[in-house]
Amino acid sequence: MLIVVPIDLFASGVTTRTFTEMFVQMVLVVGLYLFVGNSGVISFGHVGFMCIGAYATAWLTVPPMMKQFTIKGLPEILAQAQLPFLPSVLLAGLLAAAVAVPVGLVLMRLSGIAASIATFAFLAIVNNVYSNWDAWTAGTSSIVGIPTETNIWTSWLFASAAILVAYAYSVSRFGLALRSARDEPVAAAAAGIDMVFQRTIAFVGSAFLCGVAGALYAHFLGVVNPDAFFLSVTFTALAMLILGGMSSLSGAVTGVVFVTLLISLFRTLERGVSVGDASFSLPAGSQEIAIGIAMILVLIRRPAGLIGNREFKWTRSPAKAERRHKPAI
Amino acid sequence: MNPPRLIADRIAVSFAGLRALSDVSLELVSGAVHGLIGPNGAGKTTLVNILTGFQAPTAGNYRLDGERLNGLPPHKVRRGGIARTFQGGRLFKDLTVLENLEVAGLGLGLDRGAAEVLAEEVLEWIGIADLADELAGSLPYTDERRVGIGRALVGRPAFILMDEPAAGMSVHEAEALGRLILRIAEERHCGVLVIEHNIGLVLDICSHITVLDSGEIIEAGDPETIRRSEAVRHAYMGTQADIVSDAAVL
């Protein structure tokens, strides 16, 4: 709130857009954290769920008049549909989650690098299908006419809700069980934890958040096309998560803010800055190099990310404080 | 009512033609402490891995109260009432001691509140309730072992299999551990299998001992039988120099 109010009132259009985009990214990265942070398996595939969510909301919200021309192959019920923003975004998340169930049941049997590569294969499959499924997705051309409902307020609300969902998951029995399997899979199995099941739950939950992020992004741009949800977003999202600290929610959030600020700083410098009489500008593409350098520096100085695996805390939880002060019997 | 029994019946394992275990049978009864000893590489840990679902036997089967356990994955074996500890603890280092035990409750299908109650009960019972909020990764060695045992005790399993619980402990610490193991059998009516190189400890606390060498049972019986056995003496003296001092107890 403290950030949003002044931005909404005073900031320029560019700044508002930067922050809106940041909050959408936050939904994505917090969704990614829910799986990656708790399971320890790096996923390159979650932007695939973002793609699924973005197209789902396009099917549901683009006015029927426009759908006739761009996506002719939709079944009648979708072709006529024109849902409001909120139900559409939630349905988009649910579709992503539904796809994640069978995918998760198969992929979660793999471990370590094999699992990561398989998630990358999933991203490639989604991109290929959506690039060629002309009747539903208009192939590689863009679908236009998505109502631009994502503004600084709605994106902020969704980012806050995503953080709450991820926090609730982390402290739930499922989150604790999965983190135990992340640290010591063998001992977790010996403690009765079914790792495949626990990972699948996290995978589906994070797919939901990433699907919502995709829908929000579609409502931000007003346009979707498959290549907006491919490698570049995947690597930005992973850079945010890893820079901030992939095993903590606070780290995920910090990473999003840090990388967004870094990118917009370099974008400004690329456009050119004048100091007195002189003006200078960085060559285009410096922001990518800057993120690369920042990532290397952070990983050398703080291998676990800026925040490591700690969480920001307001107060100590009352139960724990009470136990500490209980006299030893 | 008969006490629960965990029976291993002619278990055999071979890796690429090498026989790690052949025709190994043993029977654990709840409330009794059973020792499993033998030189390094005798196949003791392999047997524990099989009985807890981490490894499939090439032949033979194992049953809990007459029910075949072959093919069950480890987490189902644990829910069925057979728990284990590991050489070197394998605690969840980033979690607190309380959470380490809580995870075992979650594994049994409890929610966090109920799991926490069980975890606290076990910590009290062992006498390490004051460690509850410590990070498991920061514990000294002996506490680490006791937390590992605590994690295996959550949910009152019928059997607990311990893989070298006293490794690296001083004489004094090993004695305290021995008393804890006896309490587990007597007060919690749990059947315990102890793999140990500390032969003195095994002779002190076990009512029955099985001796493995090169994957075969070379002797089984009460401590007195083992103490007198020529085969056991030979197995130890003939193989490993560093256990000669242990064998002197025999």
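Values below: every heavy atom of this structure, side chains too, minus hydrogens, waters and symmetry copies. Below, chains carry the letters A, B, ... as their sequence lines are ordered, and counting in each starts from 1. What you are looking at is a predicted structure, and each value in this text was computed from that prediction instead of being measured.
- Checked by atom type and distance alone, the side chain of B:R151 never pairs as donor or acceptor with a backbone atom of A:A190 at under 3.5 Å.
- Within a 6.0 Å sphere centred on OH of A:Y167, heavy atoms belonging to other residues, nucleotides or ligands number 12 at most.
- More than 12 heavy-atom neighbours from other residues, nucleotides or ligands sit within 6.0 angstrom of CZ on B:R183.
- Among B:D94, B:T85, B:T52, the residue with the largest count of heavy-atom pairs under 4.5 Å with chain A is B:D94.
- In this structure, chain B has a heavy atom under 4.5 Å from the backbone of A:S172, while its side chain stays farther away.
- The shortest heavy-atom contact between A:A187 and B:F86 is CA-CE1, 3.7 Å.
- When heavy atoms are compared at a cutoff of 4.5 Å, B:L110 approaches chain A solely by way of its backbone atoms N, CA, C and O.
- Distance check, rounded to the nearest 0.5 Å: CG of A:L176 to CZ of B:R112 gives 4.5 Å.
- Ranking B:R84, B:R78, B:R79, B:K93 against chain A, the residue ahead of the rest is B:R78, based on heavy-atom pairs under 4.5 Å.
- Heavy atoms of other residues, nucleotides or ligands lying less than 6.0 angstrom from CD of B:E67 number 12 at most.
- Atoms CG and CG, on A:D194 and B:L106 in that order, are 13.0 Å from each other to the nearest 0.5 Å.
- For the side-chain hydrogen bond (donor to acceptor under 3.5 Å, both in side chains) test, residues two or more places apart in sequence or in another chain that qualify with A:R179 are A:N38.
- Against chain A, the residues from residues 54-62 of chain B that qualify, each with a non-hydrogen atom under 4.5 angstrom away, are B:F54 in number order.
- There is no contact between B:L101 and chain A, counting heavy-atom distances below 4.5 Å.
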